[in-house]
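All values reported here derive from a predicted model rather than from experimental measurement.
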Amino acid sequence: MAVTKEAIADAASAVLQDDGLDALTLRAVADRLGVRHNSVRWHVGNKQGLLELLSERIVAPAADADLPAEPHERLTVLWERLRGALLAHRDGARLLSGLTNTGPHALTFADASIGALKELGRDPRTAVWLHWSVFYFVLGLTIEQQTDEPVQAETVRAAVATGPYPNLSDPETSAHLTADDFDQRFAFGLRALLNAPA
């Protein structure tokens, strides 16, 4: 079997899906391909290179498709697509966190997002910083959604009951502390960030 970057990305995606991010190593990918470890290393260099290759695979559907002309709608579609792409891969958000991906799909996504923000009147610094703010919000929320051990409401209530936390213990507030409707939380957070004053 010919070892190509495409084949490595396929195998890495399969390892990620079957065994999770912690099991994703060059050796695991080589075993999946039925080749020697050095064959994979020759193409990606090291584990960081492997993660960057796979992150490009994950981000591609979010960046490389037609987008609405209206900038606010374009932003919503971009970030919905990215969240969907992350959720489509086990540990997808955790994989992207901490990476500096400068591949063409990642750069196309960032360019489209920042361009739409500038069309909405944001100055260049605000457009870039707001892009990153939304990116980290989406990563954080998606990591929470993909975790194997979500925070339980009972655990939060018990912790709040141990001290003087008048705002957290207020029933009208505490009901929302462990809201698990991730679609609603995503839509709310995206709206709040994109409509916030600079």
### Query
Backbone N or O of L107 within a donor-acceptor pair of the D111 side chain at under 3.5 Å?
no
### Within one Ile-Leu-Val-Met-Phe-Trp-Tyr cluster: L194 and L141, side-chain cutoff 4.5 Å
yes
### Working for side-chain hydrogen bond (donor to acceptor under 3.5 Å, both in side chains), residues R83 and Q145
CA-CA 11 Å; R83 178 172 175 253; Q145 187 171 357; 3.0 Å; yes
### Message
If hydrophobic clusters are built from ILVMFWY residues whose side chains come within less than 4.5 Å, do L53 and V35 share one?
### Response
yes
#### Entry: Euclidean distance, F182 CZ relative to T142 OG1, rounded to 0.5 Å
9.0 Å
### Query
If you measure from the Lys or Arg side-chain nitrogens to the Asp or Glu carboxylate oxygens, is any gap between D19 and R90 under 4.0 Å?
no
### Task
List the atom of L78, the atom of A62, and the distance in Å for their closest heavy-atom pair.
CD2-O, 3.6 Å
### Nearest atoms (heavy-atom pairs only) where L51 meets L99
O-CD1, 3.8 Å
### Task
State yes or no: do L82 and L87 share one hydrophobic cluster built from I, L, V, M, F, W and Y residues joined by side-chain heavy-atom distances below 4.5 Å, directly or via other members?
no
### Task
Apply side chain to side chain contact (heavy atoms under 4.5 Å, CB included) to H89 and L95, showing your working.
CA-CA 9 Å; H89 296 269; L95 187 149; over 6 Å; no
#### Entry: Closest contact, heavy atoms only, A116 versus L75
CB-CG, 3.6 Å
#### Entry: Contact summary for L50 and V44, nearest pair of heavy atoms
N-CB, 3.9 Å
### Set of residues satisfying salt bridge (Lys or Arg N to Asp or Glu O under 4.0 Å) with respect to R41, sequence neighbours excluded
none
#### Entry: Heavy-atom closest pair, residues R32 and A11
CG-CB, 3.9 Å
### Query
For L21, does its backbone N or O pair with a side-chain atom of D91 as donor and acceptor, under 3.5 Å?
yes
Can you give me every donor-acceptor pair (side chain of residues 129-139, partner residue at least two apart or in another chain, under 3.5 Å) with its distance?
{"residue": "H131", "atom": "ND1", "partner": "S113", "partner atom": "OG", "Å": "2.9"}
{"residue": "S133", "atom": "OG", "partner": "W129", "partner atom": "O", "Å": "2.9"}

### Summary
Note: A9 and R57 closest approach over all heavy atoms is CB-NH2, 3.2 Å
## Note on the structure
Only residue of V128, L117, I114 satisfying side-chain contact (heavy atoms from CB on, under 4.5 Å) with R122 is L117
